[in-house]
Amino acid sequence: MRFATWNVNSVKARLPRLLEWLEQTRPDVLCLQETKVAADGFPEREVAALGYETAAYGQGRWNGVALLSRVGLADVRHGFDGEPGFPDPEARAVGATCAGIRFTSVYVPNGRTPEDPHYAYKLAWFAALRDALAAQPGPAVVAGDFNVAPTDDDVWDIKVFAGATHVTAPERAALAALRELGLTDVVPRPLKGDRPFTYWDYRAGMFHQNKGMRIDLVYATADVAAAVRDAVIDREARKGKGPSDHAPVVVDLEPGTPGSPV
DNA sequence: ATGTCCTGTCAAACAGGA
């Protein structure tokens, strides 16, 4: 089976690109973030025409996550137990079981700056996610925009990030706490250059200079991680007219493993 | 580096967020 994660930065603005990409890439499951639509505004008909069921969790202008699947979509859950809000819950996590794997699409709070209340919210959100995942049995994939670069090599120039979010020790400790549950960071291959960036700012030609960050992550339980045949960043989707500022991460699993039809 | 893009308000430029 093939699954993917993509922060589309508005599913409405990205719809032509999304449909074209789905037809070309044909993932069995797609985790979407920053859909920026309420659930009733999600283009379900358009993706259904390509064979996908939708679980959309949205609130309108900000945030918004979704799961698309053509291998079943069971036990859909919006958010998770103990999820904090700011102050109210936001549309940042949606889970469903697809072909025997529990998928969760996550859009972690940005944090803004280490001094901002949104930063404490980000860490609290991570801690609650960890506790919710600890209580969850079976093969699982947690994928999405984590808004943390796991190592200094996961940003284009660590010196530029002095005093900034996405690279601080507490944020990285939050990722480590997820790995301590038994989750593996499935690091994708960059198809150009030597660093697996998934995000490049729209401004100042950052993409063309490959000044990016790896903040879109795939965390998988050991059984799923052991079945990974390949994982790549589809940088072609970051090119051309009207791209998202994030590229999709695409993961292929060996046949006959969790997630493959029996 | 603060250079772009997206949404919503409102009917053209802003504000706010990333």
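All values below were derived from every heavy atom in this structure, side-chain atoms included, with hydrogens, water molecules and symmetry-related copies excluded. Labels below follow one simple rule: chain letters A, B, ... track the order of the sequence lines, proteins then strands, and each chain is numbered from 1.
Sorted by first and then second residue, the salt bridge (charged side-chain N to carboxylate O under 4.0 Å, His left out) pairs with a member in residues 211-228 of chain A read A:Asp154-A:Arg214, A:Asp185-A:Arg214; sequence neighbours excluded. Listed by first and then second residue, the salt bridge (charged side-chain N to carboxylate O under 4.0 Å, His left out) pairs involving residues 10-27 of chain A amount to none (not counting sequence neighbours). Every pair passing salt bridge (charged side-chain N to carboxylate O under 4.0 Å, His left out) that includes a residue from residues 102-130 of chain A is listed here, sequence neighbours excluded: A:Lys122-A:Glu171. Screening residues 40-59 of chain A for salt bridge (charged side-chain N to carboxylate O under 4.0 Å, His left out) gives no qualifying pairs among residues at least two apart or on separate chains.
The side chain of A:Arg61 contributes no N or O atom lying less than 4.0 Å from OP1 or OP2 of B:dG17.
Here B:dA18 presents its P atom at 16 Å from OH of A:Tyr119, a figure rounded to the nearest Å. B:dA18 atom C1' lies 18 Å from atom CZ of A:Phe146, rounded to whole Å. A:Glu34 places its CD atom 11 Å from the P atom of B:dT7, with the value rounded to the nearest Å. Note: NZ (A:Lys239) to P (B:dC5) measures 18 Å, nearest angstrom. When the C1' atom of B:dT2 is taken as reference, atom CZ of A:Arg112 falls 16 Å away, rounded to whole Å. Between A:His246 atom NE2 and B:dC5 atom C1' there is a gap of 12 Å when expressed in whole angstrom units. In this structure, A:Lys36 places its NZ atom 11 Å from C1' of B:dG8, rounding to the nearest Å. The distance from atom NE2 of A:His166 to atom C1' of B:dG17 is 12 Å, rounded to the nearest whole Å.
Using modelled atom types and a 3.5 Å distance limit, the side chains of A:Trp6 and A:Gln33 yield no donor-acceptor pair.
Using a 4.5 Å heavy-atom cutoff, the side chains of A:Ile101 and A:Phe3 are not in contact.
Closest-nucleotide positions on DNA chain B for A:Asp145 and A:Thr35 were compared, and the one nearer the 5' end corresponds to A:Thr35.
Secondary-structure annotation of DNA chain B gives the stems B:4-9 with B:13-18, with a stem taken as at least 3 successive Watson-Crick or G-U pairs whose two distances both fall under 3.5 Å.
Residues of residues 5-17 of chain A that place a heavy atom closer than 4.0 Å to DNA chain B, in numerical order, are A:Asn9, A:Ser10, A:Ala13, A:Arg14. Listed in residue order, the members of residues 195-210 of chain A having a heavy atom less than 4.0 Å from DNA chain B are A:Tyr202, A:Arg203, A:Ala204, A:Met206.
The side chain to side chain donor-acceptor pair (under 3.5 Å) test applied to A:Asp75 returns no partner, not counting sequence neighbours. Residues passing the salt bridge (Lys or Arg N to Asp or Glu O under 4.0 Å) test with A:Glu90, sequence neighbours excluded: A:Arg92. Shown here are the side-chain contact (heavy atoms from CB on, under 4.5 Å) partners of A:Asp245, two or more places apart in sequence or in another chain: A:Asn9, A:Tyr199, A:Tyr202, A:Arg238. For A:Arg2, the side chain to side chain donor-acceptor pair (under 3.5 Å) partners two or more places apart in sequence, or in a different chain, are A:Asp252. Here A:Gln136 pairs with nothing under the side chain to side chain donor-acceptor pair (under 3.5 Å) rule; sequence neighbours left out.
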